[in-house]
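Structure record follows, encoded as structure tokens.
A, B, ... follow the sequence lines: proteins, then strands. Residue 1 opens every chain.
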Amino acid sequence: MTVRTRFAPSPTGFLHIGGVRTALFNYLFAKQQGGRYILRIDDTDQERNVESALAPILHGFRWLGIEWNEGPEVGGPHAPYFQSKRGARYQEAVDALLASGHAYRDYARPEELDVERKAAEAEKRQFQYSRRWMASSAEDRARFEGEGRKWVVRLKMPREGKLVLPDLVRGDVEFQWAQEADHVIQRGDGSFIYHLANVVDDRDFEISHVIRAEEHLSNTPRQLFMVQALGYPMPKYAHLPVVAEPGSKRKLSKRKLEQYLKNPDFKKVHDHGTQIAQAMRLTTAAETFNPVIVDFYEQVGYLPDAIVNYLLLLGWSLDDKTEFFTRDEMVKSFSLERVQGAPASFDPMKLQAFQMRYMQELPLAEKVARARPFVDKAGLTVDDAKLARVVEALGDRIKVFGDILIQGAFFFGEDVSYDEKAWQKRVMAPGAVDKLAEYRGWLAGREAFDAASLDRDTQAWLAERGWALGDIVHAVRVAATGAAGGPGLFECLALIGKATCIHRLDRALARARG
RNA sequence: GGCCCCAUAGUCUAGCGGUUAGGACGUCGGCCUCUCACGCCGAAAUCCCGGGUUCAAUUCCCGGUGGGGUCACCA
């Protein structure tokens with residue numbers, strides 16, 4: 001049997017980080033088994049804009065390197081891969097279910113159902129539809145329609161016995177059929193409900209393994225009921241733990257940014273990204289710019305490999321020590337048996353740690369190339385040679401590519417903005433301004449402005465006066481870069497260049513002296 | 001609330017009857033250093049509770065408690 005897995009996003013316009021984890025597991029499992037991974041679009045409920053709402057999702061997956069073998073844009077033997085275009089197949093299934101008595105036309109009005117539901121609630125018993133408006137014959141239909149009623153199609157669920165669902169992650173899970181409601185599968189307007197579409201598609205696409213998040217576990221009985229009623233082969237199921245909020249076990253949602261920002265780690269990552277976005281004058285609407293959405297990481301300059309590696313470890317592990325995996329290693333070592341059952345909290349700091357590690361392994365030339373777009377988007381004009389030197393000087397300070405604009409801000413442009421705390425501590429320190437002025441004078445008088453000679457000659461100059469490097473270095477740094485930290489001072493001065501250095505020192509002196 | 005799932009430090013996890021309970025992120029302390037970052041060294045911190053089973057339970061069973069998912073003419 002060929003393994004075929006699928007991920008089925010709804011075109012919402014955003015690629016959710018939890019969705020990526022689920023997609024990744026599907027992708028890895030299929031690849032490992034020599035199978036195929038399919039992307040199917042669950043757009044039964046979308047009227048329009050599917051194209052534009054889908055584009056960011058496809059883009060996100062491509063950016064992450066999670067490519068699908070069949071689906072939108074790549075096609076495949078079972079096209080179309082859009083639920084909205086498969087209505088005829090769903091209708092056939094509904095007709096079959098109706099014909100075999102596994103489904104019925106129901107003419108109940110919503111209010112009437114509500115009355116039953118409330119009554120059950122009042123009596124503290126489980127609601128079970130009376131099937132009072134179930135049409136069992138042509139006569140029933142005529143009568144109900146005569147009353148001006150409209151129908152929906154409901155599943156006629158068993159009301160006794162149990163279902164044992166063999167789950168690859170959780171083992172056998174038992175459900176009582178009587179607990180299951182007569183779910184609607186076709187709406188009054190003729191459109192189809194997801195569960196029906198899902199079952200038909202999984203069969204049509206020959207899906208062998210349904211790997212999805214736990215939130216779908218309780219949907220499985222009604223889906224299996226349809227699978228059996230329609231005589232479809234039963235796929236294997238694996239219900240993954242949900243990806244949870246930072247510091248909690250609740251399902252991660254993209255609608256709760258405000259709340260997540262109360263988490264210090266999440267806020268840190270978000271604010272850092274915002275700073276970068278602002279340097280590029282990007283809009284940072286919560287809808288699109290949010291660490292729960294993959295697009296955030298692309299815009300800020302994370303590495304896809306770091307994100308994928310991090311996500312791999314959300315709910316899965318190989319052993320007690322291996323944390324870093326190449327794509328090939330992931331494919332080779334992934335297994336559903338080692339998937340965790342409990343929710344896994346999304347930890348943005350750990351993601352960042354992976355990011356840093358992957359960044360460290362990147363050759364300089366590639367770092368430079370990938371930092372380029374950020375510099376351009378910020379509207380800075382920097383030639384390749386200087387950019388390369390800046391990236392090299394910044395070293396590990398560039399944790400995400402966008403950091404070139406934060407950590408390296410003072411390498412570009414004429415003026416800098418001062419870190420007020422550092423300014424007070426370093427420039428306004430007693431005696432610092434006079435020494436700064438003297439050093440400025442000496443600096444202005446020299447020709448050579450490379451880091452090595454600046455370093456050597458400054459030491460000599462200091463020695464003449466009986467000063468130590470510590471007497472001037474901090475004030476000079478703040479005056480020339482505006483920042484409290486950064487690469488070696490002489491490296492900074494050399495990169496900034498003599499003219500700009502002098503200009504900045506003059507400006508700082510003027511500011512310090514009021 | 002019903003049904004279902006789950007339970008090792010703040011977080012991700014290893015463990016599958018006997019371990020000083022291992023690793024990673026984070027935290028704290030130190031070293032390196034012109035600063036910051038990196039790096040290095042070290043430290044604190046975990047088996048939800050109660051019953052069984054067993055010579056022996058973090059590990060197996062049951063119960064409780066806690067957390068989560070789900071209960072739509074959303075997907």
Side-chain angles (χ1 to χ4, degrees), chain A residues 8-12 42-46 83 106 110 113 120-121 124-127 150-154 165 167 169-171 173-176 178-181 183-195 197-198 213-221 239 241-242 244 246-251 263-265 310 313-324 338 340-354 356-357 359-360 394-399 403 407 422 426 455 458 468-474 476-478 481 483-490 492:
Chain A
S10 180
T12 54
D42 282 11
D43 56 351
T44 54
D45 198 39
Q46 309 280 323
Q83 291 192 329
D106 182 51
L113 247 24
E121 219 168 279
K124 292 197 161 184
R125 68 179 157 78
Q126 192 212 326
F127 166 65
K150 305 258 290 179
W151 56 264
V152 297
V153 178
R154 288 182 184 279
L165 164 69
D167 188 281
V169 171
R170 289 154 210 282
V173 182
E174 290 190 12
F175 298 90
Q176 296 300 319
Q179 296 283 344
E180 295 296 316
H183 300 281
V184 172
I185 54 173
Q186 184 169 23
R187 301 187 185 93
D189 65 2
S191 65
F192 305 94
I193 293 290
Y194 158 78
H195 300 287
N198 181 63
E214 195 205 331
E215 58 197 277
H216 290 284
L217 185 54
S218 59
N219 297 156
T220 311
H239 286 93
V242 296
S248 130
K249 296 292 182 194
R250 252 159 292 145
K251 190 169 75 169
N263 176 288
D265 292 343
Y310 170 68
L313 268 2
L314 266 190
W316 179 85
S317 66
L318 176 63
D319 53 29
D320 59 340
K321 39 185 70 86
T322 317
E323 287 226 292
F324 292 90
R338 293 196 62 86
Q340 205 76 10
S345 302
F346 174 65
D347 180 354
M349 293 309 283
K350 182 133 187 176
L351 202 196
Q352 214 177 51
F354 273 96
M356 202 179 69
R357 287 291 304 270
M359 200 63 134
Q360 283 172 342
L394 253 14
D396 289 338
R397 292 172 193 82
I398 299 182
K399 294 188 167 128
D403 280 329
Q407 301 296 323
R426 302 304 197 182
D455 191 348
T458 298
L469 183 58
D471 291 329
I472 60 157
V473 71
H474 300 110
V476 175
R477 173 184 296 282
V478 175
T481 71
L489 178 65
F490 302 110
C492 286

Do any N or O atoms from the side chain of [X] and from the backbone of [Y] form a donor-acceptor pair under 3.5 angstrom?
X	Y	result
R426(A)	A484(A)	no
Y310(A)	D347(A)	yes
T220(A)	H216(A)	yes

I want to verify a distance call: between [options], whose nearest atom is closest to the [X] side chain?
X	options	answer
L469(A)	G23(B), C5(B), C34(B)	C34(B)
A344(A)	U13(B), C3(B), G26(B)	U13(B)
S345(A)	U11(B), C38(B), C34(B)	U11(B)
K251(A)	G68(B), G69(B), U35(B)	G69(B)
S218(A)	U35(B), A75(B), U70(B)	U70(B)
A353(A)	C5(B), C12(B), C25(B)	C25(B)
S317(A)	C74(B), U13(B), C12(B)	U13(B)
Q179(A)	U11(B), G2(B), A75(B)	G2(B)
F175(A)	C4(B), C12(B), A75(B)	C4(B)
L217(A)	U35(B), C5(B), C25(B)	C5(B)

Exercise. Identify whether any heavy atom of H195(A) sits under 4.0 Å from a base atom; if not, whether one sits that close to sugar-phosphate; answer base, sugar-phosphate or nothing.
Key: base

Practice problem: Remember a base hit wins even if backbone is also touched, and classify H216(A) as base, sugar-phosphate or nothing at under 4.0 Å, heavy atoms. | Solution: base

Quiz item: Is the closest side-chain donor-acceptor distance between R477(A) and T481(A) under 3.5 Å?
Solution: no

Exercise. Take the protein atom CZ of R250(A) and the nucleotide atom P of G68(B), then report the distance between them rounded to whole Å.
Key: 5 Å

Quiz item: Can you find a donor-acceptor N/O pair under 3.5 angstrom joining the side chain of E121(A) to the base of G1(B)?
Solution: no

